[in-house]
S.K.: 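Quick one: the structure is below, and I'll ask about it shortly.
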Amino acid sequence: MPEKSLGRIGILTGGGDCPGLNAVIRAVAKTAMNNYGATVIGIEDGFEGLVESRMHELSNAQVSGIINQGGTILGTSNKGDPWHYPTEGPDGKTVIVDASQKAIKNYKRWALDALVAVGGDGTMNISHKLAGLGANVVGVPKTIDNDLEATDLTFGHDSAVYIATEAIDRLHTTASSHHRVMVIEVMGRYAGWIALAAGLAGGADIILIPEIPFRWEPICRKVLERSTHGKRFSIICVAEGAKCPEVGEIVKKYDVKRTDAKQLGGVGEFVAKTITEKTELETRVTVLGHLQRGGSPTPFDRILATKFGVLACKLAAKEKYGTMVALRGSEVEPVAIKDAISRQKLVPPDHQMVVAAKSVGTSFGDE
Ligand code: F6P
């Protein structure tokens with residue numbers, strides 16, 4: 001028997017995708033349909049779908065059998081910020097406009113009682129602003145980067161770390177055969193959680209993250225030491241946002257259509273080139289890229305995503321708007337979206353994982 005009526009609930013996935021999005025969609029939709037008799041509206045391609053009125057009712061069949069699927073059945077976009085909306089100007093060139101009124105108009109036109117927005121810090125920022133225009137929003141945090149302050153973990157992170165760790169394991173055997181320095185570049189724009197966790201789990205010799213400034217001397221010392229004593233290879237796990245001495249972070253290109261225009265990439269190549277120049281050791285680079293974001297979520301992420309989705313739907317039913325679901329310890333609970341977006345969660349240089357890695361001999365290039 002349905003608990004009570006929820007009416008119409010919208011759901012969108014915004015920003016970069018990650019494993020576990022479909023598990024959230026399934027959890028929100030099934031909870032809404034089974035427990036509240038609600039109509040669930042799937043909004044296409046994140047906030048783009050809200051601005052352009054592209055949405056459709058989701059059936060039980062559409063949200064069934066997707067818990068193990070990567071990506072998002074709704075599509076997503078990181079170019080759909082209603083307050084920074086790329087559109088074609090009269091001369092055919094892209095112009096950025098404020099389309100927030102369109103977004104709120106479509107929210108009303110589709111008679112949504114609540115909107116569940118699944119995304120990272122960008123999505124939570126937009127959700128907070130939409131709430132200011134009268135939308136009843138509940139947030140669900142996702143990002144492989146795990147850089148949202150209000151939650152201990154975002155789903156997607158565990159899957160990304162699993163993939164990066166497996167890649168490091170594979171690099172170990174070939175590095176050892178050829179006595180090479182292998183550099184693996186993983187994602188992590190501002191926060192080095194993926195590099196830290198995968199580097200620790202994969203036994204990397206050097207981990208470079210944005211939060212710990214590194215120097216070339218300790219890195220070269222470490223790889224030379226290893227090449228002359230004992231193991232004749234090294235594995236370096238570097239976050240894409242790690243800042244190189246003299247040049248800082250390496251930006252691949254700028255895309256003005258995005259709120260955060262910077263597209264990072266290339267630090268791995270830079271680190272490898274510098275090591276070869278300074279030590280004459282042979283280096284190779286692997287950029288893991290979007291492999292970290294694709295494919296099936298781990299069981300941990302499926303469970304976390306399901307718990308998040310169920311709670312998000314319940315919060316919407318109880319009219320607890322302006323909230324985001326969060327993991328605190330082992331409990332999933334609501335927090336205010338405005339608190340969730342106040343600060344990014346960066347790796348403290350004295351974090352237990354950093355200390356543990358240093359204790360087993362891993363260098364962060366700082367000493
Ligand atoms: O925020 C998640 C993330 O995977 C970052 O680590 C990375 O910099 C970015 O997305 C890449 O985004 P895109 O796929 O749009 O290039």
Side-chain angles (χ1 to χ4, degrees), residues 13-21 24 45-48 70-72 74-81 84 86 94 117-127 139-151 153-165 167 184-199 207-211 237-244 248-270 286-295 297-298 301 305 324 340-341 343-347:
T13 51
D17 71 343
C18 78
L21 288 170
V24 177
D45 300 332
F47 291 103
E48 268 184 39
T72 159
L74 296 175
T76 187
S77 168
N78 44 25
K79 294 175 185 153
D81 180 349
H84 183 96
T94 301
V118 191
D121 52 352
T123 301
M124 294 309 137
N125 262 299
I126 296 166
S127 301
V140 178
K142 71 86 227 187
T143 163
I144 61 166
D145 291 356
N146 194 33
D147 56 357
L148 278 177
E149 178 65 30
T151 181
L153 269 176
T154 49
F155 69 87
H157 179 66
D158 186 62
S159 304
V161 169
Y162 181 86
I163 293 159
T165 303
I184 174 165
E185 179 182 312
V186 299
M187 283 186 171
R189 288 172 86 72
Y190 304 108
W193 294 107
I194 297 176
L196 175 59
I207 298 173
L208 304 176
I209 59 175
E211 297 90 337
C237 182
V238 53
E240 62 180 350
K243 297 172 188 73
C244 289
E249 69 183 2
I250 314 266
V251 179
K252 200 162 153 193
K253 68 172 188 184
Y254 288 90
D255 182 350
V256 291
K257 292 183 182 168
R258 299 162 63 140
T259 327
D260 188 349
K262 269 186 302 191
Q263 192 182 329
L264 300 181
V267 63
E269 199 61 57
F270 198 87
T286 302
V287 180
L288 210 48
H290 292 77
L291 285 174
Q292 290 157 100
R293 295 221 314 236
T298 57
D301 277 339
M324 183 190 90
I341 57 178
R343 214 155 53 95
Q344 250 180 347
K345 185 173 67 187
L346 302 178
V347 176

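Atoms within each ligand, like the ligands themselves, are counted from 1 in listed order. All values reported here derive from a predicted model rather than from experimental measurement.
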S.K.: Give, for atom CD of E149 and atom CG of L346, the distance between the pair rounded to the nearest 0.5 Å.
M.R.: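 If I round to the nearest 0.5 Å, the distance is 8.5 Å.
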
S.K.: With sequence neighbours excluded, give me every salt bridge (charged side-chain N to carboxylate O under 4.0 Å, His left out) pair touching residues 256-269.
M.R.: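 For residues 256-269: R189-D260, E249-K262.
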
S.K.: With rounding to the nearest 0.5 angstrom, report the CD to CD distance, E240 to Q263.
M.R.: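 Spacing of CD (E240) from CD (Q263) equals 9.0 Å.
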
S.K.: Can you work out which protein residues put a heavy atom within less than 4.0 Å of ligand 1?
M.R.: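 Correct list: N78, I144, D145, M187, G188, R189, E240, R258, H290, R293.
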
S.K.: Do you know the tightest heavy-atom contact between A195 and I207?
M.R.: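 Nearest heavy atoms, A195 then I207: O-CG2, 3.8 Å.
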
S.K.: Strictly distance-based, threshold 3.5 Å: is any side-chain N or O of H157 a donor or acceptor partner for the main-chain N or O of D147?
M.R.: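 Checking the backbone N and O of D147 against the side chain of H157, no donor-acceptor pair under 3.5 Å is found.
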
S.K.: Would you check if the side chain of Q292 reaches a backbone N or O of M187 as a donor-acceptor pair within less than 3.5 Å?
M.R.: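 A pair under 3.5 Å: yes.
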
